[in-house]
Amino acid sequence: MPEAPPFATPYALPGGRYCISAAENAAVCAAVGARPREDGRAHPIFYYLATQNGMGITVGGLFDLCRFAPADGPLMVSTKVNFHAPILVDEDYAVHGEIIGLTRKPSKTFGAVDLFEFALRLERTAGGVVSECVNAWVLPRKAA
Amino acid sequence: MSKPDLSWRFGPIDPAAMRTLAEVLHDPNPIHLDARAVKAAGLGDRVINQGPANLAYVFNMLEHAGLEAVSLEARFTGNVRSGDDVEALGALEGESCRFTLITGEGLTAITGSATVRRAP
């Protein structure tokens, strides 16, 4: 049942840039029942949204790397984040990250799953980490 | 959670909000957009809210209490669906806040903890 991951970890992601517009922040705030702040701070959930959008690869691309078909039902299982500074609207950020784990485990429900973990950091383009997170998904390996 | 110090309610969850999040996340997963896809996946008959949206409700609970997270860990333990009402609950102990997000049907969608401080 153990299967070697199709890449060595840590596996660096391309990374990229991301800027949260005031309109995008307002749309997200409206969608989740929050009022946009007037002090330039974005909703804190942008630690997740901005890093995922700026990591330089789509979620579908991540699953392709893992040789996983999204139709098999990926499950978002956990997230951890440290905030070092407020996330601001209309600020250019750099996003860096890497896949840190793809670990095969037995599963009573699916037979086998891979625990897929990746780390992402939101950084000021002038330097300085604003937030750093680790997100984890379970990828059911129904055919394993 | 025996005695919550914090509470924030929201709902009913609107499928239009899921479309907004799907656009922001560039997430084409049909379980957030099409009830037929949810049914085909054996996950019920209502579209399923995005996990980050569920977590956003926890951040809202903290903000409404005048708090902000310095760090946070969350586990996604259940689905929130179109039409659900949700309530984020938090128990404070010093700078630590243990939280849950529950649906009106009593399902726990998120559990976790955060280190918090007074928001500016």
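The chains referred to below are lettered A, B, ... by the order of the sequence lines, with proteins before strands, and numbering in each begins at 1.
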Exercise. Given A:Glu24 and B:Val24, is the side chain to side chain contact (heavy atoms under 4.5 Å, CB included) satisfied, shown in steps?
Worked result: CA-CA 8 Å; A:Glu24 185 177 50; B:Val24 170; 3.7 Å; yes
Problem set entry | A:Phe63 with B:Leu33, same ILVMFWY side-chain cluster at under 4.5 Å | no
Exercise. For A:Tyr11, does the OH atom sit with more than 12 other heavy atoms under 6.0 Å from it, leaving out its own atoms?
Worked result: no
Exercise. Heavy-atom distance under 4.5 Å to chain A: side chain of B:Gln50, backbone, both or neither?
Worked result: neither
Exercise. Closest approach of B:Pro52 and A:Leu49, non-hydrogen atoms and distance?
Worked result: CB-CD2, 4.1 Å
For this session: Examine A:Val134 and A:Leu102 and state if one hydrophobic cluster contains both, with Ile, Leu, Val, Met, Phe, Trp and Tyr joined whenever side-chain heavy atoms are less than 4.5 Å apart.
Result: no
Problem set entry | Candidate pair B:Asn60 and A:His43, rule side chain to side chain contact (heavy atoms under 4.5 Å, CB included), full reasoning | CA-CA 9 Å; B:Asn60 292 350; A:His43 193 286; 2.7 Å; yes
Exercise. Counting heavy-atom pairs under 4.5 Å to chain B, which of A:Asn82, A:Ile45, A:Val28 comes out on top?
Worked result: A:Ile45
Exercise. Between B:Thr20 and A:Ala27, what is the shortest heavy-atom contact and its length?
Worked result: CG2-O, 3.8 Å
Seminar exercise, completed: Okay, A:Asn53 and chain B: the region with an atom under 4.5 Å from a heavy atom over there is side chain
For this session: Under 4.5 Å heavy-atom distance to chain B, tell me which part of A:Thr79 shows up: side chain, backbone, both or neither.
Result: both
Exercise. Do B:Leu25 and A:Gln52 come within less than 4.5 Å of each other through their side chains, counting heavy atoms only?
Worked result: yes
Exercise. Can you find a pair of side-chain heavy atoms, one from A:Pro70 and one from B:Asn29, that are under 4.5 Å apart?
Worked result: no
Exercise. Of the listed residues (B:Asp14, B:Asn49, B:Val70), which shares the most heavy-atom pairs with chain A below a 4.5 Å separation?
Worked result: B:Val70
Exercise. In the single-linkage hydrophobic clustering (I, L, V, M, F, W, Y; side-chain heavy atoms under 4.5 Å), do A:Leu120 and A:Phe7 co-cluster?
Worked result: yes
For this session: Tell me, for B:Leu21 versus chain A, whether the close heavy atoms (under 4.5 Å) come from the side chain, the backbone, both or neither.
Result: side chain
Exercise. How many angstroms lie between atom NZ of A:Lys80 and atom CZ of B:Arg75, to the nearest 0.5 angstrom?
Worked result: 9.0 Å
Problem set entry | Same cluster (ILVMFWY, side-chain, under 4.5 Å), A:Val81 and A:Tyr18 | yes
Exercise. What part of A:Val32 gets closer than 4.5 Å to chain B, counting heavy atoms only: side chain, backbone, both or neither?
Worked result: both
Exercise. Side chain, backbone, both or neither: which part of B:Glu68 has a non-hydrogen atom closer than 4.5 Å to chain A?
Worked result: side chain
For this session: Below 4.5 Å from any heavy atom of chain A, which atoms of B:Pro120 appear? Answer side chain, backbone, both or neither.
Result: both
Seminar exercise, completed: Smallest heavy-atom separation, A:Ala31 atom then B:Ala17 atom, equals O-CB, 3.4 Å
Exercise. Atom OH of A:Tyr47 and atom CZ of B:Phe59: how far apart are they, to the nearest 0.5 Å?
Worked result: 5.5 Å
Exercise. Should B:Leu107 and B:Phe10 be counted in the same cluster of Ile, Leu, Val, Met, Phe, Trp and Tyr side chains packed under 4.5 Å apart?
Worked result: no
